[in-house]
Amino acid sequence: MLLDTLQRPVKDLRISVTDRCNFRCTYCMPLDNYDWLDKSEVLTFEEITRLARLFIQLGVEKIRLTGGEPLARRDLEQLVKSLSGLDGLRDLCLTTNGSTLAEKAQALKAAGLRRLNVSLDSLKPDRFRRITKRGDLQKVLHGLFVAKEHGFSPIKLNAVIERGVNDDEIIDLVTFSLEHGFAIRFIEFMDVGNANHWQSDTIVPKQEILDIINTRFPLREVGRKGGSAPSVDYQCVDGSGDIGVIASVTEPFCSSCTRARLTADGRLVTCLFANTGHNLKVLLRGGASDDRLLDVLQQVWLQRTDRYSEERLAALRSGAGYDPKEHKKIEMISLGG
Ligand code: SAM
Ligand code: SF4
Ligand code: SF4
């Protein structure tokens, strides 16, 4: 089995299919102007599928399509179709802001996609617009219900909780998820990229999120799916619901991190907080054989040492302080969440 320097296998591949997005979420990509990739720089569906097949040979079982906004990539269902047919792939999913899901759900389902994550940070239209800067809550909710009608299961809501922004909606979001049969994952606000205004006191720690939920919906812990999922999951004590918290800041899970990331322009990145990646596109377009590509993928993974969130927590606890601006990172919109 292929293991990195910390004995972690590669099991998950997150593929960013575009760096474009129609939202400008304040916690992710608040900038109006950005140095967007030229179309010619973006991997084709054939290139992505070829790399995905090679990653599966190395142990990848699960692929998540992300971005940017993956549904902004034209004809995405064609990629879904190619990937869903790959031997050895056990799970294919997509993370979307949901804004065009209503129009695309049927084609995605027909192409073989079974499950979805949809970002939803607020149920208040004005606040939703403030957070996303461009989003229309009604369109996202409509997309969710259309996806549900088409039989996607599970549909998971992702909510980034920020102090003073939407921490008063935790109970409402859980209530909404329970009422409509959606799973929900609360995500601690992270210092991804360089453009958000992260400070350690703007995060709402996992324990505080759980304490709030427990006041109304007493929970029991189910644990991390497969032992290595980012989310610690819970159910209501009556067995209903699927509620999780992704505590990257306060309870980092680097020791079980089996995720590789492929940027839209074909860089292999081994950590969400990396400042650089390995350029696979130049190999793909330079005529490299599968064996050569496999060799490079293996070398990159064998040398992987990443444990950024554990290091961040150690710095936060040491009293020496942690300034995210001292660490230049690839933007989340390029990297994929
Ligand atoms: N555009 C799609 C979406 O919003 O779902 C997919 C890409 S987005 C980068 C993937 C996930 O990253 C989203 O669920 C988003 O909420 C999350 N995310 C972005 N910035 C974050 C941050 N600073 N902290 C925590 N999660 C973040
Ligand atoms: Fe928001 Fe997703 Fe776009 Fe980032 S990529 S700005 S999280 S919609
Ligand atoms: Fe994985 Fe990096 Fe996140 Fe740690 S900080 S869990 S190594 S992506």
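All values derive from a computational prediction rather than experimental measurement. Just so you know, ligand 1 is whichever comes first in the structure, and atom 1 is the first atom listed for that ligand.
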What atoms in ligand 1 come closer than 4.0 Å to a heavy atom of [X]?
X    : value
N158 : 14 (O)
C28  : 19 (C), 20 (N)
I187 : 25 (C), 26 (N)
T66  : 6 (C), 7 (C)
N196 : 23 (N)
V192 : 20 (N), 21 (C), 22 (C), 23 (N)
E69  : 1 (N), 2 (C)
T96  : 2 (C), 3 (C), 5 (O)

So that I can tick it off, tell me whether [Y] and [X] are bridged by a salt bridge, with the cut-off set at under 4.0 angstrom between side-chain N and carboxylate O.
X    : Y    : value
K109 : E77  : no
E41  : R285 : no
D306 : R304 : yes
D242 : R185 : yes
R115 : D91  : yes
R134 : D32  : yes
R90  : E61  : yes
R53  : D290 : no

Just jot down the ligand 3 atoms closer than 4.0 angstrom to any heavy atom of [X], in number order.
X    : result
F273 : 5 (S)
Y308 : 5 (S)
F253 : 6 (S)
S309 : 5 (S)
L272 : 2 (Fe), 8 (S)

Heavy-atom contact check, 4.0 Å cutoff: does [X] meet ligand 1?
X    : answer
E188 : yes
G68  : yes
C21  : no

Just need the protein heavy atom nearest to [atom], so name the residue and atom and give the distance.
atom                    : value
atom 26 (N) of ligand 1 : V160 CG2, 3.4 Å
atom 10 (C) of ligand 1 : G337 CA, 3.7 Å
atom 7 (S) of ligand 3  : D306 O, 3.6 Å
atom 2 (Fe) of ligand 3 : C271 SG, 2.3 Å
atom 25 (C) of ligand 1 : M190 CE, 3.4 Å
atom 13 (C) of ligand 1 : S119 OG, 3.3 Å
atom 20 (N) of ligand 1 : Y27 CD1, 3.2 Å
atom 9 (C) of ligand 1  : M332 CG, 3.4 Å
atom 5 (S) of ligand 2  : G68 O, 3.6 Å
atom 4 (Fe) of ligand 3 : C254 SG, 2.3 Å

Does atom [atom1] ([X]) have a neighbourhood of more than 12 heavy atoms from anything else shown, all under 6.0 Å?
X    : atom1 : value
K133 : NZ    : yes
R220 : CZ    : yes
Q106 : CD    : no

We want to know whether [X] and [Y] form a side-chain donor-acceptor pair, criterion being a heavy-atom distance below 3.5 angstrom.
X    : Y    : value
N97  : N22  : yes
R292 : S289 : no
D12  : T258 : yes
S256 : R8   : no

Is the distance from atom 4 (Fe) of ligand 3 to the nearest N/O/S atom of C257 under 2.8 Å?
no

Row check, F189 ring normal vs R163 NZ/CZ: under 6.0 Å, within 45°
no

Would you verify whether the NZ or CZ of K148 falls within 45 degrees of the ring axis of F182 while also being under 6.0 Å from that six-membered ring's centre?
yes

Would you indicate which of C25, G98, C21 comes nearest to atom 3 (Fe) of ligand 2 when only heavy atoms are counted?
C21

Yes or no: does S119 have any heavy atom under 4.0 Å from an atom of ligand 2?
no

N, O or S of C28 under 2.8 Å from atom 1 (Fe) of ligand 2:
no

Within a distance under 4.0 Å of any heavy atom of N97, pick out the atoms of ligand 2 and give their elements.
8 (S)

Find all atoms of ligand 2 within a distance of less than 4.0 Å from any non-hydrogen atom belonging to F23, and give their numbers and elements.
6 (S), 8 (S)

Does T95 approach ligand 1 within less than 4.0 angstrom via side chain, backbone, both or neither, non-hydrogen atoms only?
both

Using a 4.0 Å heavy-atom cut-off, which part of N117 comes near ligand 1: side chain, backbone, both, or neither?
neither

Parallel, tilted or perpendicular: which describes the rings of H180 and F176, with under 30° parallel and over 60° perpendicular?
tilted

So for R261, does at least one of its heavy atoms come nearer than 4.0 angstrom to any atom of ligand 3?
yes

Step by step, would you call R14 with R259 a side chain to side chain contact (heavy atoms under 4.5 Å, CB included)?
CA-CA 7 Å; R14 299 197 171 188; R259 287 169 285 284; 3.5 Å; yes

Test K62 against C93 for side chain to side chain contact (heavy atoms under 4.5 Å, CB included), laying out the working first.
CA-CA 8 Å; K62 174 175 170 183; C93 46; 4.0 Å; yes

